[in-house]
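Bear in mind the structure is a predicted one, so any value in this text is a computation, not a measurement. Scope of the values below: all heavy atoms of this structure, side chains included, with no hydrogens, waters or symmetry mates. Reminder, nothing fancy here: chain letters follow the sequence lines and each chain counts from 1.
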Number of protein chains: 2
Amino acid sequence: MQQFLKDLFPELAPDQELIEEIERRSSVREIEKGTTIIDYGSYIHFVPLVVKGLVKVMRENSDGKEVLLYFLSGGSTCAATFSCCMVRKRSEVKAIAEEDTTIIMIPLEAADEWMGKYTKWRNFVMSMYDQRLFAMIDTVDKLAFSKLDEKLWDYLTERVLYTDNHTVEVSHQEIADDLNASREAISRLLKKLENQEKIKIHRNKIELLEQQVT
Amino acid sequence: MQQFLKDLFPELAPDQELIEEIERRSSVREIEKGTTIIDYGSYIHFVPLVVKGLVKVMRENSDGKEVLLYFLSGGSTCAATFSCCMVRKRSEVKAIAEEDTTIIMIPLEAADEWMGKYTKWRNFVMSMYDQRLFAMIDTVDKLAFSKLDEKLWDYLTERVLYTDNHTVEVSHQEIADDLNASREAISRLLKKLENQEKIKIHRNKIELLEQQVT
DNA sequence: CTCATTTAGTGATGCCTATCACACAGATCT
DNA sequence: AGATCTGTGTGATAGGCATCACTAAATGAG
């Protein structure tokens with residue numbers, strides 16, 4: 001586990017004492033694709049660091065519709081969750097494993113205590129907030145300016161990064177939900193991408209063609 | 001100034017030593033409406049706490065278009081700026097005073113030093129990040145689901161909170177820019193709101209009618 | 001007071017996408 | 001093999017908003 005940590009969270013690595021403390025006090029959890037890791041309204045007793053896989057973080061708005069906020073992949077953690085922990089409030093977001101995922105679970109008390117004790121930890125947490133903030137800015141940017149076809153292509157290329165065979169396993173409906181669009185529109189645009197030979201459509205599965213993955 | 005601080009930042013108030021330290025090491029700056037407080041690419045040597053007024057924070061995307069991120073009013077600070085300070089990077093955002101504004105400027109070194117020294121300060125900074133993150137989530141939500149008329153109404157009601165005479169001083173073009181819409185569309189929708197007797201349109205000025213400000 | 005500049009109002013046109021309404025095909029079950 | 005789902009393909013329709021092309025007020029500068 002020390003190697004995990006050092007590879008994925010290089011900011012923490014220099015502080016051997018911290019690394020050992022993390023190892024001593026946290027546990028590793030393997031999560032199967034599709035599992036809900038955190039749900040709305042639940043209390044959270046641990047800070048999750050994503051080691052491997054892909055986690056989708058989203059939020060339900062007042063009308064009950066869900067907005068995709070961002071994806072978390074290896075080497076990152078969810079700032080929104082972190083803040084929930086810190087102020088002991090219920091989660092405002094939902095996190096789902098979109099691929100088989102491994103996380104390190106750090107008990108709340110430890111995460112809290114380390115804030116005062118380890119500068120490296122504090123900076124790590126700050127930089128995670130920072131990264132999420134900028135991920136959100138990107139999301140805003142896309143929503144504000146991109147048309148659906150562009151959003152779709154971005155979505156596919158981002159997701160394919162976290163699979164091994166250039167293939168994203170989703171239905172058109174799921175994509176539509178993530179992009180706040182209608183299934184029909186997604187289907188039609190996918191067909192267009194297929195005609196452009198950028199992707200191959202299979203049932204429940206989109207394959208990005210080689211030359212495009214550069 | 002101690003009173004300012006205690007009123008606007010109640011989280012900090014209990015720590016008298018911190019309050020005194022802030023007073024000793026920071027300065028107050030009065031900013032005229034329209035002034036650019038922070039610009040893209042500039043280095044920032046102080047953390048600004050907004051005491052009074054309204055500050056618009058935005059970002060330029062790769063195509064040179066600007067996205068409105070959020071407004072800051074009394075009692076808040078800009079997380080994006082804060083993180084710029086902390087890692088000594090150039091600003092990725094631009095901040096403009098939309099009303100006459102007063103800020104407390106805290107030197108970078110002090111803000112940094114206090115992170116280790118004062119729990120209250122640390123929690124304050126964390127909660128500011130948290131608040132900005134959720135402001136961004138709201139922005140995303142509106143972009144994803146609201147139609148232009150709703151966005152416009154939200155925009156007006158939010159902005160009118162920070163003026164005294166139920167009047168927002170903006171041109172249709174400015175609103176259009178902030179909402180990523182066309183001026184014509186904004187003009188037409190404003191006219192509709194005027195017909196519904198929710199607002200009164202003046203040149204460079206929108207007046208929200210009494211009964212609506214509840 | 002006039003002319004130039006900003007700011008606003010209005011119609012016409014067209015694109016994008018939501019929505020409705022089905023047809024169809026692969027998967028799964030019985 | 002037939003019946004039932006679930007995921008897709010397709011056309012028709014309609015609404016929202018961008019864009020273009022002007023006109024018309026309001027303001028400011030000389």
Enquirer: To the nearest angstrom, how far is B:Leu179 atom CG from D:dG16 atom P?
Expert: 17 Å
Enquirer: In whole Å, what is the span from the CD atom of B:Glu174 to the P atom of C:dA8?
Expert: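 Atom-to-atom, B:Glu174 to C:dA8, this comes out as 9 Å.
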Enquirer: Of the listed nucleotides (D:dT8, C:dT19, C:dT7), which one gets closest to any side-chain atom of A:Ser182?
Expert: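 Comparing D:dT8, C:dT19, C:dT7 against the side chain of A:Ser182, the answer is C:dT19.
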Enquirer: Return the minimal non-hydrogen interatomic distance between A:Ala185 and A:Leu148, and the atom names on each side.
Expert: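 In this case the closest contact between A:Ala185 and A:Leu148 is CB-CD2, 3.8 Å.
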Enquirer: Do the side chains of A:Arg159 and A:Glu99 get close enough for a salt bridge, i.e. N-O under 4.0 angstrom?
Expert: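 Yes, this pair counts.
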Enquirer: Going by distance alone, is a donor N or O of one side chain under 3.5 Å from an acceptor N or O of the other, for A:Thr167 and A:Glu207?
Expert: no
Enquirer: Let's test your reading of the model: under 3.5 Å, does the base of D:dC17 pair with the side chain of B:Glu184 as donor and acceptor?
Expert: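 No such pair is found, so the answer is no.
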Enquirer: Separation of A:Asp149 atom CG from C:dC16 atom P, in whole Å?
Expert: 8 Å
Enquirer: On the side chain of B:Arg203, is there an atom forming a donor-acceptor pair with the base of D:dT27 - under 3.5 Å, no angle test?
Expert: no
Enquirer: A:Ile175 has an atom CD1; how far is it from atom C1' of D:dT8, in whole Å?
Expert: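 Checked: the CD1 to C1' distance equals 12 Å.
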Enquirer: Can you measure A:Arg188 atom CZ to D:dT13 atom P for me and round it to whole angstrom units?
Expert: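 So the two atoms are 14 Å apart, to the nearest Å.
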Enquirer: For B:Lys147 and C:dA18, give me the distance from atom NZ to atom C1', rounded to whole Å.
Expert: 10 Å
Enquirer: Look only at the side chain of A:Ser42 and the backbone of A:Tyr40, and say whether a donor-acceptor pair between them is shorter than 3.5 Å.
Expert: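 Looks like no, no N/O pair under 3.5 Å.
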Enquirer: Strictly below 4.0 Å: does A:Lys191 bring a side-chain N or O up to OP1 or OP2 of D:dG9?
Expert: yes
Enquirer: Expressed in angstrom and rounded to an integer, what is the separation of A:Lys192 atom NZ from D:dT8 atom C1'?
Expert: 18 Å
Enquirer: Take the protein atom NE2 of B:His172 and the nucleotide atom C1' of C:dT6, then report the distance between them rounded to whole Å.
Expert: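 The answer, rounded to whole Å, is 12 Å.
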